[in-house]
Protein chains: 2
Amino acid sequence: MTTKEKVLNAAYRCFSKKGYFGTTTREIAHSAGVSEVTLFRLFGSKKELFREVLLNYSVIPDIRSISVPEGSGREVLEEIGRKIYSSLREKKEFLKILLSEVTGLTEEMQEVYSHFTQTLEALLENVFSSLLSLPEVEIPLKVKVFGSALFGFFISEEIFQGREPPQHEVNAFIETLSRFIYGG
Amino acid sequence: MTTKEKVLNAAYRCFSKKGYFGTTTREIAHSAGVSEVTLFRLFGSKKELFREVLLNYSVIPDIRSISVPEGSGREVLEEIGRKIYSSLREKKEFLKILLSEVTGLTEEMQEVYSHFTQTLEALLENVFSSLLSLPEVEIPLKVKVFGSALFGFFISEEIFQGREPPQHEVNAFIETLSRFIYGG
DNA sequence: CCTGTATGTAAGCGGTTACTTACACAACAT
DNA sequence: ATGTTGTGTAAGTAACCGCTTACATACAGG
């Protein structure tokens, strides 16, 4: 691991534990095992380091790379749901950082939020339109219900309550949700 | 409005715009039109002021005071959904503060999060059990799906994307969600 | 008129923060 | 051997933060 990667990783952990203003550059440097001077030589400023952390650990590529499995039926929907949820969990620290910056609302952050929402909805639209033979006018609503429920469940359980529900509990939620939306 | 209320209100606005660490006591005092000394005389410390803001502007009492209307059927579910959503919107700044503090996770905040989740789920459990004659084992899952979808939709639209969807859009979402869960 | 209560102004204190400068050292490539 | 590159240490800067002290002022009640 290069020095730059060490610092990025330490910053990722610190920002997710204390937020941007709550984290000091001393802290990051010490946590990375490098000197503070090195940090500034590599990244120029705290803000720039923060930007690079967001780029490096974003959940967006993970969601974008989710492939829609062949087949039709509720199982496909459930599988996508599980994949999305496990992506969110894998990048939980990134999402914590995102949530911790909802105050402030710089255009830069606003763009990250929109990008995230759009990526998630694009994936789901893809799934639903390849899956259902229904009046298409319903698809956007199904997308919103499915995406919102998944996202809301994740935030409520994993972030607000700080627990990681066992797999069968997550699966039960996703199965129920899929059944409601897909029917059957 | 008493001086204390002026300070509380200013602090509420500042914290929701910049988060706890991003807000300075000078800023709050100036925004309230009082001197910084007065702020410290009234609240003792920044942390104590923050606590009082959370108590004073919490959305929890709003949710707790939502009454379950008489009648049965999907309309009741929709009505509850609309009431919850409008409570969330009315206390959007409070929820922003909550989200901005997910990093850190002091026991104090943890308790607020749990309390919020529990209050919401208690209300919904009340609604579902008075509404449906279904196998009760399904109720907790319905509660989670309904609550998560509502909450996720709110965060995604109002907080992440910073928009206030027009009433008919919110209603359409809630109507669809209720139909999926209640059937019919 | 006096006294208590609430607020303001001015000044500052000790600590912290992001960031910089100057210099030394080690590894490595030419 | 020499120069380049990457890192460390030491020291410090200017600004800012939460919070305090000391003192003045305004006003209401008895």
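All chains are named by letter (A, B, ...) in the order of the sequence lines, taking the proteins before the strands, and each is independently numbered beginning at 1.
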Lys/Arg-Asp/Glu bridge criterion (N-O < 4.0 Å) met for A/Lys144, A/Glu121
yes

In terms of side-chain geometry, is the basic nitrogen of A/Glu78 or A/Arg179 positioned less than 4.0 Å from the acidic oxygen of its partner?
no

By nearest atom, which of the nucleotides [options] is closest to the [X] side chain?
| X | options | value |
| --- | --- | --- |
| B/Phe40 | C/dT7, D/dG18, D/dT9 | D/dG18 |
| B/Thr24 | C/dC19, D/dT20, D/dC17 | D/dC17 |
| B/Glu36 | D/dT20, D/dC19, C/dT20 | D/dC19 |
| B/Lys46 | C/dT7, D/dT7, D/dC19 | D/dC19 |
| B/Arg41 | D/dG8, C/dG8, D/dA10 | C/dG8 |

Just checking, A/Lys142 and A/Tyr182: is the charged tip under 6.0 Å from the six-membered ring centre and within 45° of the axis?
no

Expressed as a whole number of angstroms, how long is the span from [X]:[atom1] to [N]:[atom2]?
| X | N | atom1 | atom2 | answer |
| --- | --- | --- | --- | --- |
| B/Leu42 | C/dT5 | CG | P | 15 Å |
| B/Glu27 | D/dC17 | CD | P | 8 Å |
| A/Phe50 | C/dC19 | CZ | P | 14 Å |
| A/Leu39 | C/dT17 | CG | P | 14 Å |
| B/Lys6 | C/dA6 | NZ | P | 15 Å |
| A/Glu5 | D/dT7 | CD | P | 12 Å |
| A/Ile28 | C/dA18 | CD1 | P | 8 Å |
| A/Phe21 | D/dC16 | CZ | C1' | 13 Å |

If you pin A/Arg26 and A/Gly33 to their nearest nucleotides in DNA chain D, which one's is more 5'?
A/Gly33

Tell me, with the steps shown, if B/Phe180 and A/Phe180 meet ring-ring contact (aromatic ring centres under 6.0 Å, His included).
CA-CA 5 Å; B/Phe180 285 154; A/Phe180 285 154; 8.3 Å; no

When we call it a touch if two heavy atoms are under 4.0 Å apart, what does [X] touch: a base, just sugar-phosphate, or nothing?
| X | value |
| --- | --- |
| B/Val37 | base |
| B/Thr38 | sugar-phosphate |
| A/Thr23 | sugar-phosphate |

Does A/Ser35 have a side-chain nitrogen or oxygen under 4.0 Å from the phosphate oxygens OP1 or OP2 of D/dT7?
no

Quick one: is B/Thr3 getting a side-chain N or O under 4.0 Å of the C/dA6 phosphate, OP1 or OP2?
no

Extract all donor-acceptor atom pairs below 3.5 Å that involve side chains of residues 10-19 of chain A and protein atoms in other chains or at least two apart in sequence.
unit_1, atom_1, unit_2, atom_2, d
A/Tyr12, OH, A/Phe94, N, 3.1
A/Arg13, NE, A/Asn9, OD1, 3.0
A/Arg13, NH1, A/Ser31, OG, 3.4
A/Arg13, NH2, A/Asn9, OD1, 3.4
A/Ser16, OG, A/Arg13, O, 3.0
A/Ser16, OG, A/Glu93, OE1, 2.9
A/Lys18, NZ, A/Glu27, OE2, 2.9

